[in-house]
Structures are given as C-alpha cells and as structure tokens.
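Quick notes on the structure that follows.
Every chain is numbered from 1 and lettered A, B, ... according to where its sequence line falls, protein lines coming before strand lines. Note: hydrogens, waters and symmetry copies are ignored here, and every other heavy atom, side chains too, is used.
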Amino acid sequence: MYPIHLQQIRPQTTAHLAQTMTLLSMTSNELRQSIEAELANNPALELLEVKRCRTCGRSLMENGPCPVCSRPHDPNQAEPIVFTSTQQDYFSSVSNGSQHIIPVDELPEDNVAPSIDLPGFVLQQIAPELELEDRPIAAHILTSLDDDGLLQIQLFEISRYLHVSMERVNHVLDLIRRSEPIGVGSSSPQEALMIQLDILAKTQYVPPLAERAIREGMNLLSRHHYSKLGELLGITPQEAEIIAQFISSNLNPYPGRAHWGSVRQGSESNPHTYHHPDILISTLHQQANSPLVVEILSPIRGSLQINALFRKALKNAPEEKTEKWQQDLEKANLLIKCLRQRGNTMRQLMTILTQEQRNFILQGDKFMRPLTRASLAIQLDVHESTISRAVSGKTARLPNGRMIPLSKFFDRSLSVRTLIREIVKHEVSPLTDSQITRMLHKEGHQVARRTVAKYRSMEGILPAQTRHKLPSP
DNA sequence: CTATGGCACGGATT
DNA sequence: AATCCGTGCCATAG
C-alpha cells in the first residue's frame, strides 16, 4: 500500500485509501463516467445545482464567492488563483443558439465514451473566437470531415448552401485548421502538412527545405523516393532522407488519426477520440502581469451531497433493507470525501506548479524550469506516487490555447532544447555540438556534449556539417 | 584529427 | 520492478 498523508483528512480506512488513489489518477472525463454510474444506482447520492458567478458567468462547484471576480485584485503574481469549476459552461458556450451546432447533450452524454469526437473537440477550441453567425459554417465544415480529418467537399458548395460569402467560409476554415489537431479541415494531406509546418516554424527550428519538399515533392515524399527528391531540391539523397524523416516524425498528413489519443498512456481508448483538458489556465483580463487563473475542471454539473430525504428514510427503513441502505450511505459518503480530497490535491499541485512554471506558461518553452515529481512531493508533503497519479494522463490548456499533457511541466530538457533551437536559428556559421555545449554552459546550463547531440537530432536539426550546405531560401 | 552517432551503464522516474 | 534519460566510451566518416 502507498502511504498517503494529506492534511485535513484523518480517518483513513483501506477503502478510503484505495478510492482516493483511483480517483486521483482519473481524468475529469473518466471521473464523470464513474460519478454518473454511482449517481444512477446509489439513492443516497444527490446532485446539487450549479452555482454561477453573477459577474463572469463561471459555474462554480463550491459555496462562497467566485474566486476570480470577488477577490480584491491585488496583482500578486506569485499567488495563482486556483479553483474548481464545472465543464458545463464550456459546452454551453459552444452550443447555445444554433441548431446546426452539435447540441450539448449529444456531446459527452452518449454513454461510455469518456471523450468527445473530433468535431466537438475542434469546436470547443474555436468557439470563443467564433462569431455567432459563423457557427453554422463551422458546424457544416466539421460535420463534413472524413475519418482522416480532411475535408472532401468543395468550399463553394458550403458558401452556396448556407448563403454566405466565401470570405467567411475561409475565415472559419482558417480557424479550424489552426486548432488541434493542427491541419484538420484541410482538403489534402499536402495542405495539412503545409499548415502544420507553418505553425511548427513559429516555435521551432524546421529544416529550410522542408516546405519545398512538401510543396513540390509531395508524391516523391509519400513514395520514399529520396534520390529523386534530393535531385529536385538539389541535395543528396541522404539529406533528403533526413528531411523526410523530420516531416514524418513531426507532421501528420492525416490530422484526424490522432497522435493525441496515444499521448495518454495506459488507455485503451481508441485513437479517434479527443479529450477535454482537465485544467484551464488563463490570465486575468489578458494582462500578462496579473495572477494566473487556474480552473480545475470538474466533470459533473454540480456538487454532490447526501440526499437528506434518504437519510430520513433510513431511520424507519424496513428491516430487510436497512443494511443495504446503510451501505449505500457509506459509499456515498466515501465518494464525496474522496472527491473533495482529489480536488484538494489537484489544487495544491496546481498552485505550486503554476508558481514554479509561471514563465513557461506565459512565455513558452524556453522558460521551463526543471522540476521533478519528487521535489513537489516533498513540498506538498505527500508521497511521490500521489503526484505521479495526479499528473498522469491529465491535460491542461494554456492561455495561448495550446493543449499540453500535464507531464510536460516536468520535462527537464525542454528549456535546453528550445535554447538549442534558438542558438542554431541565430548562428552565423554552423556551430558544432561542442561549440553549442560551451554556449549553453555560459548560459548556466550544465549539459554534456553528447546530450546536445541527442537534443539536436530530437529537434530535427541537421548536424553542423550538413547544415552549411543548405542555404536558407 | 574532429565531429557525430551507437551502445550500454547507472541513476532517476513511474 | 520496469522504464526512461543523461552521459561516457568507442567506432566511423569526412
């Protein structure tokens, strides 16, 4: 058994321990499923209505004032605002008002699937930026996607069918293509690759010839004809192969076949499904120097409590039922307690995490601080495995809209890798690995030459000798 | 002789 | 207990 000692909750039966661990390691989607199951067959449980903040409309799980609005705005950055909110408004903001949009109830409701389908997943992301009158367009496009996430119908058909201008259609389509999975809604694998490359180039080094390789050598690329591809681009077959390798490992011609599903380990869920974030991180009033707002999404519409009527009924229950009802009551109690504890742990975790990684969240990969689960465990005075469970499988949505697995907060090498990308980007003449190593040491990063080489290839950057032959276009 | 990638080892992580 | 990651050593290519 794993020793867990969280503050505030003392009596710990084995059942309590076991359930705490299980709940902690669930994503909000999985949690919703099991809570709904319990609600359905346990009469002692009752769902309390959602409380909504009057000012900002957030739906809140707990009693008391809205942590975002009612808090006096002392811009103390160090202290993020962490609280639990429900996912409900997330859906309703997407769906209200248009019959073309997939209705709320049909999204997550359909039985077992703990996740939503591709159209819903994309819609969720673009909803905030979508004008009301553009929603039918988005719905039309999204429902026309094929299994690969590509759009097979013609654009003018949409514009004619819905009586809207091509401009609008293109605008919406552009939004869609730039959301996860990037390139979704393209009309061909080639187009999808181009968009992905474009987006990737904003945050990463990409081989200069990759774009031409896709644009002009697409058919050679897909057939692995590296020598011909090299000919076309004026480079050797080996170099062409490296480019092809970069493309195949960083880009995905069929955005619908999700990489995303496989990101979550240990899950049998099929790769065609997408997941909600478990955590939303945003800034207050879009001000960069304000505290971070961290919402831990709860999968259910309200908060759970013991049904008062049930408790009364228990007192004069028929003989043969008392035992069963008593069990139900205890089970319900346990669930509520454990849920509270889960929220508690998540909140503590996110508090520290956002404090430590504030710069990473706001300014990107370069500012990632190396962090280990073990060190967090010490700070929070919990067992390592608690942190592990709390982190594993969960995803967060950053203020800039990126979805990342929570485990990325613990990626030790990310900052160094980004630094390497930048060094290479700004280099005058190609630097060798040992030169890069020296530069990193000056910046205070203690890494070995061999490691730099590994990172470099991880980022798809060619070796120094090969780099200088390829003039940037 | 130098820069790089492969293999393998030990320590951290899960 | 199994796996991942950084690193050192060594062979190879240029």
Legend entry - Integer-rounded Å distance: C:dC5 P and A:Arg456 CZ: 18 Å

Inset, instruction - Quick one: list whatever passes side chain to side chain donor-acceptor pair (under 3.5 Å) with A:Arg215, sequence neighbours left out. - result: A:Glu211

Inset, instruction - Calculate the interatomic distance between A:Ile387 atom CD1 and B:dA12 atom P; express it in whole Å. - result: 19 Å

Legend entry - A:Arg369: partners by salt bridge (Lys or Arg N to Asp or Glu O under 4.0 Å), with sequence neighbours left out: A:Glu356

Inset, instruction - Let me know the distance between CG of A:Leu462 and C1' of B:dG5, rounded to the nearest Å. - result: 14 Å

Legend entry - By side chain to side chain donor-acceptor pair (under 3.5 Å) - contacts of A:Arg417 (at least two apart): A:Ser413, A:Glu459

Inset, instruction - Take the protein atom CD1 of A:Ile378 and the nucleotide atom P of B:dT13, then report the distance between them rounded to whole Å. - result: 10 Å

Inset, instruction - Write down the distance between CD (A:Gln435) and P (B:dT2), rounded to a whole number of angstrom. - result: 13 Å

Inset, instruction - Could I get the full list of salt bridge (Lys or Arg N to Asp or Glu O under 4.0 Å) partners for A:Glu427, not counting sequence neighbours? - result: A:Arg467

Inset, instruction - Rounded off to whole Å, could you give me the CG-to-P distance for the A:Leu376 and B:dA12 pair? - result: 17 Å

Inset, instruction - Please name all residues satisfying side chain to side chain donor-acceptor pair (under 3.5 Å) with A:Gln357, sequence neighbours left out, ordered by chain then number. - result: none

Legend entry - Reference residue A:Asn344; test side chain to side chain contact (heavy atoms under 4.5 Å, CB included); the match among A:Gln348, A:Arg342, A:Met346, A:Arg340: A:Gln348

Legend entry - Atom-pair distance (CZ on A:Arg412; P on C:dC4), nearest Å: 14 Å

Legend entry - Spacing between A:Ile461 atom CD1 and B:dG5 atom P, to the nearest angstrom: 12 Å

Legend entry - Contact pattern, 5' to 3', of nucleotides 7-14 of chain C - B, S or - by protein heavy atom under 4.0 Å: BBB-----

Inset, instruction - Give one of base, sugar-phosphate or nothing for A:Thr372, where a contact means two heavy atoms less than 4.0 Å apart. - result: sugar-phosphate

